[in-house]
Structure formats: C-alpha cells, structure tokens
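Beneath this line is the structure, given in structure tokens, with notes to follow.
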Amino acid sequence: MSTVRTRFAPSPTGYLHVGGARTALFNWLHARHTGGHFILRIEDTDRVRSTDASVQAIFEALQWLGIDYDEGPFYQSDRLEAYNTHIDRLVDAGHAYYCTCAPEAIEAMREKARATGAKPRYDGTCRDKGLGPRPGAVVRLRAPFTGTTVVNDRIKGAIVFANEELDDFVLRRGDGMPTYNFAAVVDDMTMNITTIIRGDDHVMNTPKQILIYQALGHPLPEFAHVPMVLGHDRTRMSKRHGATSVTAYRDMGLLPDAFINFLARLGWSYGDQEFFTRSELIEKFTLERVGKSAGVFDPVKMTALNADHIQAAAPADLAPHLRPFLAARGWDAADDAYLQAAIATLQARSKTLVEMAEQAHFYFNDAIALDEKAAAKFLKANVLDPLRGLRDRLVALATFDEKALEEVFAQVMEQFDLKLGKIAQPVRVALTGTTVSPGIFEIITVLGRERVVARLDRAIDHIVHKTP
RNA sequence: GGUCCCAUCGUCUAGCGGUUAGGACGCCGGCCUCUCACGCCGGUAACCCGGGUUCGAAUCCCGGUGGGAUCACCA
C-alpha cells in the first residue's frame, strides 16, 4: 500500500477562515496519523482576486495552528507549463477542444435554456469544429452526454451523478490560465495526492474532476468530503457570524491546541472524549469517525474547551503564549520564573489568554490603582491595626512561604479577633486594588515580600489620609 | 427551480436491531470557600413526520417535510 499523501489547497483571496482551517487540520491529521505526507499548495489561478497579503496571512495562520507541511508551498501560477502540456495531450487525444464562443453568447444560451426550463449548459457549438489554438480561445472538455459518474466518498459513501447534468466545461481560460477544476486535477495527479479531503461544497465539482482524470487516463484518488461549518443561524459561516479569521481567535486569546481540539470535535468524534492533546488527535483521528452532517460553530463551547486547555497546560508552556498579551498592555514580563508563578495562580480562572492577562494586572503594575468602591468598603480605619500588625510580622518573617504566611495570618486573626474573611479582603484590596484575585496566600507568595510590604504601606497610608 | 448532501437535547455529539437513549457546552439548584474561579453533587433537555421490513427499530428501506451545498472563462 502506497503511503498517504494529502494536501491543503487554499486560494489566497483573503485570510484563512474557520472552515479552511478545519479542512487543513483534517488533511494534516490524516497525514500525520498514517505517517504520510502533507502538502501545501496555493491555488492562485485567479489573477484578479489572489493577493500576496493573503498568502502571508495563510502562512501565519497555519503556523499559529501548528500545522506544518512536508512539501510546498507550491503555487499554481508557477505551474502553467504543466497545465498546458496536459491541455495539449487532451486536445490531441480528442478529449478536449478549442472554443471561440463569446462569453456573452454562452450567457445568452444559458438564459434561454433557463427560460425554457432546460439545463443551462454549453450547446457544443465548437465541439466538432476542430479548431486549433488561437488567441482568446478557451479549451473545453469533451464530456459524455450519457452514463453516470460516481464518487466513492470516504465520508458520504457512493454519490451518483448523471452525466447529462454535466456539460463541456472550460479547462483553460481565454487568458491561458487553467480553471480551478483542471488545475486541481493536474496538480493532485502530478503531486500524487492519494486522499483529497476538502469541504462539502466541493462535491459538485467532483464528477467534473473525475471526468478529467478519466480523460487523462489516470487512476482516481480517494475523496473525503467534510461537512460544512455553519454559523449560529445554520447557514454557511461568514463574516456576519462574528470572527471567521483564524488569527482573530489567536488574538482573542485562544490556545492553538485548544482551537484545533475544538475544530476537530466539530465533525469528528471519538466516543465520549472531548479533550484531546495534539498528539492524541494525531493518534486517534480517522476519517471513519468523521460525521456526515454539518455542524454549528459554538464560540461558547470553544471558550470552555480553551479554559480546559489553559488549566491543563504547564505554566512554562503557557508563558510564551501569554507574553504577547502582556506586552500589548505594556507590562514587563522579563522574569520568567515570576511570570510562570503568576500564571499558575491564574490558570483556573482564565477562559482565554486575554482574561489571564487582564487578571495579571497587579503582578506587573506596582502602581496599582485602588478601586474606589473596594477601597471604601475594605480599607477603613478598623483594619488599620490589623494591617500594621500583619505588615510588621511579614517584615520579620524568616521564611516567606505559604505555610509561614498562614501562621502569620492566624496570629493576626487571633490578636484582633478577626475571621480570615475580615482580614483577607482588605489585604486583597491593598495588594491588587480590587476585591477579586487568586487566593490571598498565593498572591502574597508570588508577589514577594518587597512588593507586598510596599503595597501594605500604601494601603495603610491611604487609610490614614482618607479616613477622618 | 435542477442536481447533490444532511436530519439524536438549544449547541457539539455517542449510538452502528434489543440501552432507564450516554457524554460535553449552556442553563438551574446545592456543596466547598479568604474574594473570584476551579472542583464536586444533582437537575433541565433530543431520536423531524408518515409508511413499511422485523418478534423488536434512533439504528434498515421508501415517501414527505425541513435545512444546507451547488449550478461561471471564481476557487
């Protein structure tokens, strides 16, 4: 059995969107699972809509997703020679022919056909004229009128098309560029692609492509059409459903591993399991377990999965992902050990890296802003002495760890007859400026004695000056 | 409209003739607790409809309905 070869073949006419990312992912997973090769090919035969910025955007998105390729990127625009030699083969063999019909004329014949309820297809005016190459002429496939073409899909099973539904479609445009269907077949053929995994929206192209394979006398690859990703209104996902660009999810603070986990589970399942690491995905992914029906993209569930991944990750692995978000806020996270310690306290309370960065504010801002309401409620004269007592004991503490801290708090609580809640909240406000944060002992330990004492002093000062 | 695909809780899904139809997200209770979270316990909620086949259908077949995709010298 020959080794599996899959490919992702986006057209660079915009950013990489969610559906494309999932197609890329499934191709990649199938290749990695089987020990095959994954190839990247840029389908830029549309000279008008293709842009270099889009190509870069696609690279950037794939890199973030962690989807690497073994061959490529190949550009169809570099391969015109290959398409032309195959066109010549087809014309010489009589499987294709030159056509000089004007686009307007063809549109007119389609209109007419639609009006009479007939199929809007090319009428074959040039089919038997035996025309040779000439400027502006297109090349059409001589397609069969009768019979049937069947797609044996790995996901959907056998799909039968009557050939009379197809017409002599264009293989090469008047400007010499191949059409999508032709270029895709020539490329898949010459790149020895064994398994074509792509979106559902391509099934209607498949019989046309099969006809081309047959005309070229080449064995068929396997096809696997993955169901669509829908928006909340069950229509194909688009801009009006919110963010569709992959990099937008990066910027929202998703972890790439969480994102691919979510994408994989949208359409693919493995029993009751929801959480998959990247290597588990590779190990367990098979086309057999890809479902047949389209699925709605649920950002809430995606975020929940992201929270699970954040919680399961090692702080050291999270740090590089969090850094850009800290930097964007102008915070200095150069101290890696400090950053990781801070992360460890935030993992259970962050659904996204954005949330984590926001909650990390007090770790990276020594000039913390005291929330007005919080200060008014908790930094009052009645806690002045307990805070002072705590401060002095902390300064005197020999070992500054959670165990010692708990003892110190216990002493202060007993001395002033306070419950932990009564002292923890004022301290929390003093250290973070707000009433919400990780556990009080955790943040004291992470912040370290110097910062803690300085902030307690500030709070004490605040009480002294703001309170009558 | 033609052609093609699809159909289990609101959503993602498990199920591949016999299950109290399971899990996850969400939502609602409760517990835990120094705040917020995490976690834990419990609850809510589904087989699109109609015919067959079968001792027995969510599972197989047919029809309907609904949704989606596609009908280019775009990919």
Side-chain angles (χ1 to χ4, degrees), chain A residues 9-13 43-46 48-50 76 99 101-103 106-107 110 114 117-121 136-140 151 153 155-157 159-162 164-167 169-181 183-184 199-207 225 227-228 230 232 234-236 262 265-275 289 291-305 307-308 311 345-351 355 359 374 378 409 413 419-429 432 434-441:
Chain A
S11 62
T13 54
E43 308 216 323
D44 56 353
T45 56
D46 183 339
V48 189
R49 297 201 300 152
S50 298
Q76 290 191 322
C99 166
C101 293
I106 290 166
E107 191 44 46
R110 265 195 265 270
R114 265 191 280 264
K119 303 206 181 304
R121 60 209 310 272
V138 304
V139 176
R140 290 178 182 277
V151 180
D153 196 273
I155 293 169
K156 296 181 180 293
I159 309 172
V160 181
F161 294 88
E164 60 181 7
E165 296 295 330
L166 279 15
D167 71 347
F169 55 92
V170 173
L171 301 177
R172 189 172 68 189
R173 292 186 266 255
D175 67 358
M177 292 297 275
T179 57
Y180 161 73
N181 282 127
D200 222 346
D201 49 337
H202 283 284
V203 294
M204 296 310 234
N205 287 320
T206 311
H225 288 96
M228 302 271 83
L230 273 23
H232 53 75
R234 299 209 138 269
T235 64
R236 189 182 182 146
F262 175 69
R265 274 293 283 104
L266 214 178
W268 172 82
S269 64
Y270 191 80
D272 280 343
Q273 190 172 345
E274 299 281 350
F275 184 100
R289 301 200 64 91
K292 293 201 225 185
S293 52
V296 174
F297 185 93
D298 180 3
V300 176
K301 181 150 185 172
M302 173 183 70
T303 306
L305 234 201
D308 290 343
Q311 197 158 193
T345 70
L346 262 15
Q347 281 175 278
R349 12 197 153 234
S350 312
K351 290 188 189 305
E355 281 185 17
Q359 297 182 92
F378 293 109
F409 268 75
M413 282 156 62
K419 286 191 173 174
L420 181 56
K422 290 294 176 189
I423 184 73
Q425 280 305 77
V427 172
R428 174 168 284 114
V429 174
T432 72
T434 71
T435 55
V436 176
S437 84
I440 200 74
F441 303 119

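All values below come from the heavy atoms of this structure, side chains included, with hydrogens, waters and symmetry mates left out. Naming: A, B, ... by sequence-line order, numbering from 1 per chain.
- The structure places CG of A:D308 at 8.5 Å from NZ of A:K351, a figure rounded to the nearest 0.5 Å.
- At the heavy-atom level, A:L266 lies under 4.0 Å from the strands shown only through sugar-phosphate atoms.
- Side-chain atoms of A:R265 do not come within 3.5 Å of backbone N or O of A:Y270 as any donor-acceptor pair.
- Comparing B:G67 with B:C32, their C1' atoms are spaced 45 Å from each other, to the whole Å.
- Base contact: A:G439 has a heavy atom under 4.0 Å from a base atom.
- Taking the P atom of each, B:A75 and B:C16 are spaced 44 Å apart, rounded to whole Å.
- Of the inter-residue distances, the one linking A:S50 atom OG with A:E43 atom CD reads 10.0 Å to the nearest 0.5 angstrom.
- The base-pairing partner of B:A58, taking Watson-Crick or G-U wobble contacts with both distances under 3.5 Å, does not exist among the strands shown.
- In terms of phosphate contacts, A:T45 brings a side-chain nitrogen or oxygen within less than 4.0 Å of OP1 or OP2 of B:A75.
- Taking atom P on both nucleotides, B:A57 is separated from B:U3 by 33 Å, rounded to a whole Å.
- Atom name P, nucleotides B:C40 and B:C25: the rounded distance is 9 Å, in whole Å.
- Backbone-only engagement by A:R110 is indicated by non-hydrogen atom pairs under 4.0 Å involving sugar-phosphate atoms exclusively.
- B:A46 and B:G26: their C1' atoms are spaced 15 Å apart (whole Å).
- Using P as the reference atom, B:C4 and B:C9 are 27 Å apart when rounded to the nearest Å.
- Using a 4.0 Å heavy-atom cutoff across all strands shown, A:E165 reaches sugar-phosphate atoms only and no base atom.
- Across all strands, A:F161 comes closer than 4.0 Å only to sugar-phosphate atoms, never to a base (heavy-atom distances).
- If you check B:G68, B:A69, B:G10 against the side chain of A:M204, the one that comes closest is B:A69.
- Counting atom types as modelled, A:R349 pairs no side-chain N or O with a base atom of B:C38 as donor and acceptor under 3.5 Å.
- One donor-acceptor pair, N or O on each side, does fall under 3.5 Å between the base of B:A75 and the side chain of A:N205.
- One interatomic measurement links the two molecules: CH2 of A:W268 to C1' of B:C12, which rounds to 13 Å at whole-angstrom precision.
- Taking the side chain to side chain donor-acceptor pair (under 3.5 Å) definition, one finds that A:D153 meets it with A:H225, sequence neighbours left out.
- At the phosphate of B:C71, neither OP1 nor OP2 sits under 4.0 Å from any side-chain N or O atom of A:R121.
- Straight-line distance from the CD atom of A:Q311 to the P atom of B:C25: 12 Å, rounded to whole Å.
- Here A:G174 lies in heavy-atom contact (under 4.0 Å) with a base.
- Considering only the side chain of A:V436, B:U35 comes nearest among B:U3, B:U35, B:G23.
- The nucleotide B:C73 finds no pairing partner, because no Watson-Crick or G-U wobble arrangement with both distances shorter than 3.5 Å includes it.
- Projected onto RNA chain B by closest heavy-atom contact, A:A294 and A:T13 fall at different nucleotides, the more 5' of which corresponds to A:A294.
- Counting non-hydrogen atoms under 4.0 angstrom, A:S350 reaches nothing in the nucleic acid.
- A:R114 places its CZ atom 11 Å from the P atom of B:C71, with the value rounded to the nearest Å.
- Regarding contacts with the backbone of B:U35, every side-chain N or O of A:S437 stays at 4.0 angstrom or more from both OP1 and OP2.
- Listed candidates were B:U13, B:U35, B:G26. Nearest to the side chain of A:A304 is B:G26.
- With RNA chain B read from its 5' end, the first of the two nearest nucleotides for A:A424 and A:N181 is the one closest to A:A424.
- In this structure, A:H202 and A:Y180 have tilted ring planes: the angle between them lies in the 30° to 60° band.
- As judged by a 4.0 angstrom heavy-atom cut-off over every strand, A:S293 is placed among residues touching the sugar-phosphate backbone only.
- Among the protein residues, A:G267 comes within range of the sugar-phosphate backbone only, with heavy atoms under 4.0 Å from sugar or phosphate atoms but none that close to a base.
- For A:D44 (side chain) and A:Q76 (main-chain N/O), a donor-acceptor pair under 3.5 Å exists by modelled atom type.
- Counting any heavy atom pair closer than 4.0 Å across all strands shown, A:V48 reaches no nucleic acid atom.
- Taking atom C1' in both B:U54 and B:U59, the straight-line distance is 13 Å, to the nearest Å.
- In this structure, A:I440 reaches the bases: a heavy-atom distance under 4.0 Å links it to at least one base atom across the strands shown.
- A straight line from CD1 of A:I423 to C1' of B:C34 spans 11 Å, rounded to a whole angstrom.
- A:T45 OG1 to A:D175 CG: the interatomic distance, rounded to the nearest 0.5 Å, is 9.5 Å.
- Comparing B:C34, B:C12, B:C73 against the side chain of A:R428 picks out B:C34 as the nearest.
- Between the P atoms of B:G42 and B:A24, the separation comes to 11 Å (whole Å).
- As the counterpart of B:G66, B:C6 is assigned, both hydrogen-bonding distances of the Watson-Crick or G-U wobble pattern falling under 3.5 Å.
- Whole-Å rounding puts the A:D200 CG to B:A7 P distance at 11 Å.
- As rounded to whole Å, 17 Å separates atom P of B:G23 from atom CG of A:D308.
- In the set B:A37, B:A14, B:A69, B:A69 carries the atom at the smallest distance from any side-chain atom of A:D201.
- Between the CD1 atom of A:I106 and the C1' atom of B:A72 there is a distance of 10 Å, given to the nearest Å.
- A 3.5 Å limit on both hydrogen-bonding distances identifies no Watson-Crick or G-U partner for B:U33.
- Nearest nucleotide to the side chain of A:V203, out of B:C12, B:C4, B:G15: B:C4.
- Put simply, the side chain of A:K292 and the base of B:C6 share no donor and acceptor less than 3.5 Å apart.
- Taking atom CD of residue A:Q425 and atom C1' of nucleotide B:C36, one finds them 9 Å apart after rounding to whole Å.
- Heavy atoms of A:T435 sit under 4.0 angstrom from at least one base atom.
- Pair check for B:A24 finds B:U11; Watson-Crick or G-U wobble, both atom distances under 3.5 Å.
- At a threshold of 4.0 angstrom between heavy atoms, the contacts of A:V138 include nucleobase atoms, whether or not backbone atoms are also involved.
- In textbook terms, a nucleotide whose glycosidic angle is within 90° of 0 is syn, and B:C38 is one such case.
- Set against B:C34, B:A72, B:C25, the side chain of A:V300 has B:C25 as its closest nucleotide.
- Between the side chain of A:Q359 and the backbone N or O of A:R349, at least one donor-acceptor pair lies under 3.5 Å.
- A salt bridge is defined here as a Lys NZ or Arg NE, NH1 or NH2 lying under 4.0 Å from an Asp or Glu carboxylate O, and A:D167 with A:K119 fails to meet this definition.
- Within the shown strands, nothing qualifies as a pairing partner of B:C38 under the Watson-Crick or G-U definition with both distances less than 3.5 Å.
- Judged by distance alone, with hydrogens and angles left aside, the side-chain atoms of A:R289 form no donor-acceptor pair with the main-chain N or O of A:W268 at under 3.5 Å.
- Residue contacts shown for A:R265 include a base, since a base heavy atom lies under 4.0 Å away.
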